[in-house]
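Remarks on the structure that follows.
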Amino acid sequence: MVDSRFFEREGKLFYFFDNETVMIEAWGKDSLRVRAVRGKEFSTNDWALLKPCACNPVMNLYDGSASIENGRIRAVLDKTGFLQVFDSSGRLILKEYSRNRLDFRSPNCSALEIEAREFKPVIGGGYSIKARFESLSEDEKIFGMGQYQQPYLNIKGADLELAHRNSQASVPFFLSSLGYGFLWNNPAVGRAVFGKNITCFEAFFSDQLDYWITTGSTPSSIEENYTAVTGTVPMMPDYGLGFWQCKLRYRTQEELLEVARGYKKRGVPISVIICDFFHWPMQGEWKFDPLYWPDPEAMVSELKSMGIELMVSIWPTVDYRSSNFSEMLEKGYLIRTEKGFRLSMVYMGNTLHFDATNPGARKYVWEKVKKNYYDKGIKAFWLDEAEPEYAVYDFENYRYYLGPNVKIGNIFPVMYAKTFFDGMKNNGQENIINLIRCAWAGSQRYGALVWSGDIHSSFSSLRNQFAAGLNMGISGIPWWTSDIGGFHGGDVNDPSFHELLIRWFEYGLFCPVMRIHGDRDPHKKPLGTGGGSLCVSGADNEIWSYGEKVEKILTRYIHMRNSMKSYLKKIMAEAHEKGTPVMRPLFYDFPQDKKAWDEHLEQYMFGPDVLVAPIMYEGLFKRDVYLPEGCFWTNHWTKERFEGGTTITVDAPLDQIPFFFRNGISVFE
């Protein structure tokens with residue numbers, strides 16, 4: 001006899017009780033999507049998820065329970081709606097946390113009355129939604145969830161805000177050491193807690209509970225299942241593989257060209273140079289100020305003759321004084337505030353962000369960018385302020401075309417990236433890459449190269465970037481970089497900063513993109529009294545800006561990067577084809593080695609063949625390195641060979657970052 005609470009429709013399993021409907025369906029290889037609503041139809045919005053290939057799930061409906069099986073994964077619901085998920089061996093990988101009196105025979109019977117799926121009404125409509133799960137093992141390790149400015153690679157025990165801020169990108173996918181991956185497929189502002197007793201995801205304002213779960217025999221198989229349903233990056237263009245030069249900020253066309261000529265004169269190859277913010281007359285005009293940038297086409301042409309691509313900074317902010325403001329306001333292309341003066345950011349003027357969730361606004365902005373940049377030969381963009389950054393992070397006070405920010409706001413950086421990706425794609429461009437300051441699940445498929453925002457120039461901040469970069473890769477964002485040297489601070493004349501810069505530069509050699517940037521001291525005075533000329537600029541930030549000793553070391557690492565091109569193309573192809581993180585924790589390549597799961601090792605793999613052990617502490621000139629088992633390792637600097645499964649101590653003078661080749665195979669040409 002089949003329980004009336006369970007039914008099957010169009011290959012999906014449903015459960016209905018007391019105004020709640022749960023829907024579970026196969027969604028990609030060895031994966032399931034779980035949704036629940038109260039008294040409403042299910043949303044048709046798939047958010048981070050792409051439509052999967054056809055699946056053939058197996059469903060069983062009984063008196064008191066039902067199950068759905070898709071490859072290696074099986075979900076079981078009992079008559080109270082309590083959900084458990086198992087892998088193909090029958091091992092429990094996910095179990096809801098509930099404590100109530102619905103079934104006195106259940107071991108979860110409790111007077112606490114805590115629901116696994118909580119829908120708490122919000123006055124005026126919608127719900128505050130929580131999904132609670134049992135913590136199945138105190139030894140579980142959890143990786144991913146985007147980038148947070150903290151030093152923890154293993155985020156078990158962490159309490160994370162599901163919201164974007166400058167230097168914080170919430171990408172709500174995690175990979176568990178217990179053999180599963182989990183995506184919280186809800187762009188609402190919220191919270192995730194990975195406690196010792198409970199894992200809880202919360203959306204502060206939403207209509208639907210929505211998550212996706214997968215399993216696999218290795219971390220790589222789990223990651224590939226995830227990127228198969230959220231997308232992979234395009235193929236990295238060749239110019240993305242070299243060294244990127246940037247500073248705050250090149251103030252004139254001639255100043256930028258002189259820097260490029262300086263590298264050319266020294267025989268030091270750079271592949272990208274960036275024209276940063278306030279090269280425009282006013283925020284929201286998306287064009288060069290002709291007074292300081294009189295001939296963009298000639299600038300692009302000269303740079304290309306030197307083998308250098310120009311990237312231009314874009315901000316989503318629109319100044320009230322901008323020539324485009326009135327038209328964008330009239331057409332509804334600007335975000336709104338729920339109360340108070342209509343303002344979202346104050347910097348060099350009163351501004352509102354363009355509403356990237358509005359298709360019309362995306363089209364409008366791209367047309368301006370195409371006319372003023374793209375048609376002049378500029379094919380790469382720096383999408384700054386992408387969270388978007390607010391003057392005050394009152395998430396509930398902003399409203400977009402798709403709804404209140406608190407309900408859908410985490411989707412903004414995805415739509416911001418899509419604005420440019422779609423425009424460039426429609427103009428026939430392939431291998432699209434744009435630098436962007438934030439991301440959410442799925443951003444990668446729109447050519448998003450994420451950098452970690454306006455971080456501090458310090459060794460503690462460098463350690464934060466180590467965790468952020470690796471967790472972003474696990475989160476499905478394989479293109480990631482940080483400001484070499486940090487953004488805030490760093491005196492060009494300070495020897496202690498020189499040490500930090502060199503160590504960060506060495507680490508940058510083994511990041512997906514190697515890019516120097518920063519707001520260096522002492523500052524330069526503004527050039528003029530109007531438009532972008534009012535904005536200050538930092539001190540020079542070229543490799544020769546720090547003296548001959550520093551320049552010599554940095555020059556060597558740029559040449560090393562350039563000699564890795566074949567290897568870089570190989571690992572970028574893996575990212576494009578399978579979603580493989582370019583930089584990843586040791587366990588990704590050595591899942592059977594228990595020590596490879598140790599978050600305290602402070603080392604990582606750069607592709608499958610290079611083990612990197614960066615120096616992230618001031619005054620440190622030797623360190624321990626663990627070499628994973630199952631192969632032998634060769635020290636690049638000394639050429640010594642070591643068997644895997646051992647810990648060694650290596651020297652690390654200021655001009656050397658410890659790194660090792662797997663089975664002795666060098667990646668340098």
Side-chain angles (χ1 to χ4, degrees), residues 5-28 31-52 66 68 75 77 80-83 85 94 96-98 114-133 162-163 170-174 181-193 199-214 226 229-230 357 395-396 399-412 414-415 440-442:
R5 282 172 281 202
F6 305 105
F7 58 96
E8 177 186 350
R9 184 193 304 153
E10 298 177 346
K12 304 168 188 176
L13 175 63
F14 290 84
Y15 168 84
F16 178 81
F17 181 78
D18 191 24
N19 206 37
E20 180 190 41
T21 306
V22 178
M23 177 171 63
I24 308 176
E25 62 185 303
W27 200 284
S31 308
L32 297 170
R33 184 181 182 185
V34 179
R35 284 177 276 181
V37 292
R38 290 281 176 92
K40 288 191 174 186
E41 294 293 324
F42 287 98
S43 168
T44 59
N45 200 320
D46 292 327
W47 298 122
L49 295 172
L50 301 169
K51 294 296 184 185
I68 177 171
L77 284 162
T80 68
F82 180 71
L83 175 65
V85 182
L94 192 76
E96 288 188 326
Y97 178 101
S98 68
I114 296 175
E115 296 177 289
R117 302 181 297 272
E118 178 182 280
F119 287 72
K120 184 177 180 180
V122 174
I123 302 302
Y127 296 90
S128 170
I129 296 176
K130 289 182 180 178
R132 298 184 175 96
F133 304 97
L162 299 180
S170 173
V171 187
F173 171 79
F174 70 84
F182 181 99
L183 169 69
W184 179 247
N185 190 37
N186 190 321
V189 172
R191 182 184 184 194
V193 178
T199 295
C200 182
F201 279 82
E202 181 177 6
F204 294 155
F205 184 69
S206 189
D207 295 317
Q208 176 174 284
L209 182 150
D210 189 346
Y211 64 86
W212 176 91
I213 182 169
T214 190
Y226 169 60
V229 298
T230 57
T357 74
F395 297 111
E396 71 280 1
R399 181 176 289 270
Y400 300 141
Y401 174 84
L402 285 182
N405 175 70
V406 71
K407 185 176 183 179
I408 57 88
N410 285 337
I411 203 73
F412 185 94
V414 183
M415 296 294 100
W440 193 67

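Positions are given from 1 along the sequence.
- The CD1 atom of Ile24 sits 12.5 Å away from the CD atom of Glu8 when rounded to the nearest 0.5 Å.
- In this structure, Trp184 and Leu162 have side chains that are in contact, with non-hydrogen atoms separated by less than 4.5 Å.
- Put simply, CG on Leu94 and OH on Tyr211 are 5.5 Å apart, with the number rounded to the nearest 0.5 Å.
- Two residues are said to be in side-chain contact when any heavy atoms from C-beta on lie closer than 4.5 Å; Leu77 and Phe82 fail this criterion.
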Stepwise side chain to side chain contact (heavy atoms under 4.5 Å, CB included) check, Val34 with Asp210 = CA-CA 6 Å; Val34 179; Asp210 189 346; over 6 Å; no
key: Verdict with supporting geometry, Arg9 and Phe14, side chain to side chain contact (heavy atoms under 4.5 Å, CB included)   = CA-CA 8 Å; Arg9 184 193 304 153; Phe14 290 84; 3.7 Å; yes
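- Between Tyr97 and Phe133, the distance from one ring center to the other does not fall under 6.0 angstrom.
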ask   = Is there a side chain to side chain contact (heavy atoms under 4.5 Å, CB included) between Phe201 and Lys130 once you walk through the steps?
value = CA-CA 6 Å; Phe201 279 82; Lys130 289 182 180 178; over 6 Å; no
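- Asn410 and Ser170 form no side-chain donor-acceptor contact under 3.5 Å, judged by distance and modelled atom types alone.
- Crowding of Arg191 atom CZ: a count of heavy atoms from other residues, nucleotides or ligands under 6.0 Å not exceeding 12.
- In terms of heavy atoms, Leu183 sits closest to Ala441 at CD1-CB, 3.8 Å.
- Using a 4.5 Å heavy-atom cutoff, the side chains of Thr357 and Ile411 are in contact.
- Contact record, Phe395 with Ala163: CZ-CB, 3.6 Å, taken as the closest heavy-atom pair.
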Side chains of residues 39-50: which donor-acceptor partners sit under 3.5 Å, not counting sequence neighbours?
{"residue": "Lys40", "atom": "NZ", "partner": "Asp207", "partner atom": "OD1", "Å": "3.2"}
{"residue": "Ser43", "atom": "OG", "partner": "Asn45", "partner atom": "N", "Å": "3.0"}
{"residue": "Asn45", "atom": "OD1", "partner": "Trp47", "partner atom": "N", "Å": "2.9"}
{"residue": "Asp46", "atom": "OD1", "partner": "Arg33", "partner atom": "NH1", "Å": "2.7"}
{"residue": "Asp46", "atom": "OD2", "partner": "Lys51", "partner atom": "NZ", "Å": "2.8"}

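- The structure places CG of Asn19 at 7.5 Å from CZ of Arg38, a figure rounded to the nearest 0.5 Å.
- Closest of all the heavy-atom pairs between Asn186 and Ala203 is ND2-CB, 3.7 Å.
- By the neighbour-count criterion of 12 heavy atoms within 6.0 Å, atom OH of Tyr401 is sparsely surrounded, having that number or fewer from other residues, nucleotides or ligands.
- Between Phe205 and Gly126 the shortest heavy-atom distance is CE1-CA, 3.9 Å.
- Using a 4.0 Å cut-off between charged side-chain N and carboxylate O, Glu96 and Arg117 make a salt bridge.
- Shown here for Ile129 and Ser206, the closest heavy-atom pair between the two residues is CD1-CB, 3.9 Å.
- Trp212 and Trp27 get closest at one heavy-atom pair: NE1-O, 2.9 Å.
- For the atom pair Glu25 CD and Lys12 NZ, the distance stands at 4.5 Å (nearest 0.5 Å).
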message = Applying side chain to side chain contact (heavy atoms under 4.5 Å, CB included) to Phe204 and Glu396, what does each step give before you reach the verdict?
response = CA-CA 10 Å; Phe204 294 155; Glu396 71 280 1; over 6 Å; no
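- Separation of atoms CZ (Arg132) and OG (Ser98) is listed at 10.0 Å; rounding is to 0.5 Å.
- Ring pair Phe182/Phe173: centre-to-centre distance not below 6.0 Å.
- Note: Thr80 OG1 to Asp18 CG = 12.5 Å, rounded to the nearest 0.5 Å.
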